[in-house]
Amino acid sequence: MNDPRILTVRPEPGEYAWTFGGAPPVARIAPGTVLDLYTEDCFAGRVRSEKDLVSEVCEFPFLNPQTGPFHVEGAEPGDTVAVHFVSIEPARDWAASTTVPLFGALTSTHTTATLQPPLPETVWIWQLDRTRRTALFRARDNDIEIELPLDPMHGTVGVAPANLEVRSALVPDAHGGNMDTPEMRAGVTCYLGVNVEGALLSLGDGHARQGEGETCGVAVECAMNTVVIVELLKGVATPWPRIESDTHIISTGSARPLEDAFRISQLDLVRWLVRDYGFSELDAYQFATQAVESPLANVCDTNYTCVAKIRKEWLPARETHRGLHARLRETAATLQH
């Protein structure tokens with residue numbers, strides 16, 4: 001590969017996108033471009049202490065700011081944009097998490113309405129040790145302290161939706177968006193189907209770590225310095241966001257109710273096995289049933305997201321997505337030396 005072009009983007013406070021679709025591109029990039037990006041946290045950096053309640057310091061719907069969008073030259077509907085995560089590193093030595101009224105999996109919400117008061121707003125500030133790669137949990141109500149390993153990820157990666165739609169950056173769907181899966185970590189390649197000319201790629205919502213399901217609705221939210229390589233697969237359709245790691249192929253599905261998100265991810269994985277690995281549909285259905293891992297991504301957003309993943313070592317030796325993940329890993333290795 002030729003030496004890639006590197007574009008560095010550090011948005012000013014008024015330069016973030018809050019939607020997928022409907023926002024003008026901040027730059028046009030050629031396939032193969034390396035993006036060196038700063039992304040702000042989902043609170044736009046406004047929750048900085050235990051006294052900063054979301055209801056007081058944040059302005060709805062201006063949550064989950066995205067860096068972008070980027071117009072990928074040559075991208076057309078029916079193509080796939082590939083985003084390879086070279087590195088995802090916390091930009092600060094602290095991160096924030098919180099409960100938000102009428103939001104989360106274990107509380108009444110606007111869509112699951114019950115006759116109960118909202119949970120109280122509580123903020124936890126996590127201290128990040130970027131040298132030791134740890135995140136420190138401090139309990140609010142006693143002296144418990146527990147260190148967890150850093151596992152940086154991006155909760156939100158996506159392109160403009162189809163059919164002239166504009167979607168809030170809080171929503172996951174077929175265009176990607178706020179999927180909140182811990183699988184979106186450094187070393188993986190995310191494949192997104194193109195719906196509009198240029199794709200209009202954005203990303204944000206960095207998490208220092210997050211458990212599967214994001215139960216309370218909020219991860220360990222932090223600003224990130226992230227490097228990605230953006231590539232284009234012409235003539236390859238990707239109906240739902242897919243992720244490829246060194247060890248797994250991973251399908252996602254986003255919907256409500258939760259079982260529909262599960263079904264979408266499982267069906268996409270079956271179709272992936274048919275398209276690229278030589279299975280018939282029923283053989284793929286049977287094999288996936290016995291081999292799949294099905295982590296939850298989120299059970300709190302406007303749509304829920306499920307993941308279906310299979311180990312590559314159990315699959316026939318076939319090339320998927322034209323072998324792009326392996327080539328991008330090689331390029332990433334040159335950037336890190």
Exercise for the section: Apply the test ring-ring contact (aromatic ring centres under 6.0 Å, His included) to residues His84 and His325: give CA-CA distance (whole Å), side-chain angles for both, the deciding distance (0.1 Å), then the verdict. Expected result: CA-CA 8 Å; His84 181 77; His325 173 73; 5.7 Å; yes

Practice task
Run through Val230, Leu232, Leu233 and flag the one making a side-chain contact (heavy atoms from CB on, under 4.5 Å) with Pro31.
Solution key: Leu232

Practice task
For the pair Arg271 and Asp268, find out whether any cationic side-chain nitrogen is under 4.0 Å from an anionic carboxylate oxygen.
Solution key: no

Exercise for the section: To the nearest 0.5 Å, tell me how far Thr189 OG1 sits from Asp246 CG. Expected result: 8.5 Å

Practice task
Salt-bridge test for Glu89 and Arg133: reply yes if a basic N is under 4.0 Å from a carboxylate O, no otherwise.
Solution key: yes

Practice task
Determine, for Asp41 against Arg46, whether the closest basic-nitrogen to carboxylate-oxygen distance falls under 4.0 angstrom.
Solution key: no

Exercise for the section: Show your working on salt bridge (Lys or Arg N to Asp or Glu O under 4.0 Å) between Arg318 and Asp276 and close with a plain yes or no. Expected result: CA-CA 7 Å; Arg318 303 285 180 90; Asp276 290 356; over 6 Å; no

Handout entry: Side-chain touch Met224/Pro90, heavy atoms, less than 4.5 angstrom
Key = yes

Handout entry: Same apolar cluster: Val307 and Val83, side chain cutoff 4.5 Å
Key = yes

Exercise for the section: Determine whether Thr109 and Thr114 make a side-chain contact, defined as any pair of heavy atoms from C-beta on separated by less than 4.5 Å. Expected result: no

Problem - Any Ile249 side-chain heavy atom under 4.5 Å of Lys312 side chain - result: yes

Practice task
Go through the steps for Arg311 and Glu293 under the test salt bridge (Lys or Arg N to Asp or Glu O under 4.0 Å), then give the verdict.
Solution key: CA-CA 9 Å; Arg311 296 175 185 272; Glu293 302 167 54; 3.6 Å; yes

Fill in the blank from the handout: All heavy atoms of Cys58 vs all of Phe43, minimum pair found to be SG-O, 3.8 Å

Problem - pair Thr247-Glu313: side-chain heavy atoms closer than 4.5 Å - result: no

Practice task
Specify whether Trp272 and His321 have parallel, tilted or perpendicular ring planes, treating 30° as the upper limit for parallel and 60° as the lower limit for perpendicular.
Solution key: perpendicular

Practice task
Evaluate the side-chain proximity of Glu244 to Ile250: yes if any heavy-atom separation is below 4.5 Å, no if none is.
Solution key: no

Exercise for the section: Answer yes or no: is there a side-chain heavy-atom contact under 4.5 Å between Leu200 and Phe20? Expected result: no

Exercise for the section: State, with a plain yes or no, whether a side-chain heavy atom of Gln210 is found less than 4.5 Å away from one of Asp180. Expected result: yes

Practice task
Tell me yes or no: between the side chains of Asp129 and Thr134, is some donor less than 3.5 Å from an acceptor?
Solution key: no

Problem - Nearest-0.5 Å distance, SG of residue Cys300 to CG of residue Asn178 - result: 8.0 Å

Problem - Among Val228, Leu328, Ile229, the one residue meeting side-chain contact (heavy atoms from CB on, under 4.5 Å) with Val86 - result: Ile229

Exercise for the section: Please determine if Glu183 and Arg185 form a salt bridge, counting it only when a charged side-chain N lies under 4.0 Å from a carboxylate O. Expected result: yes

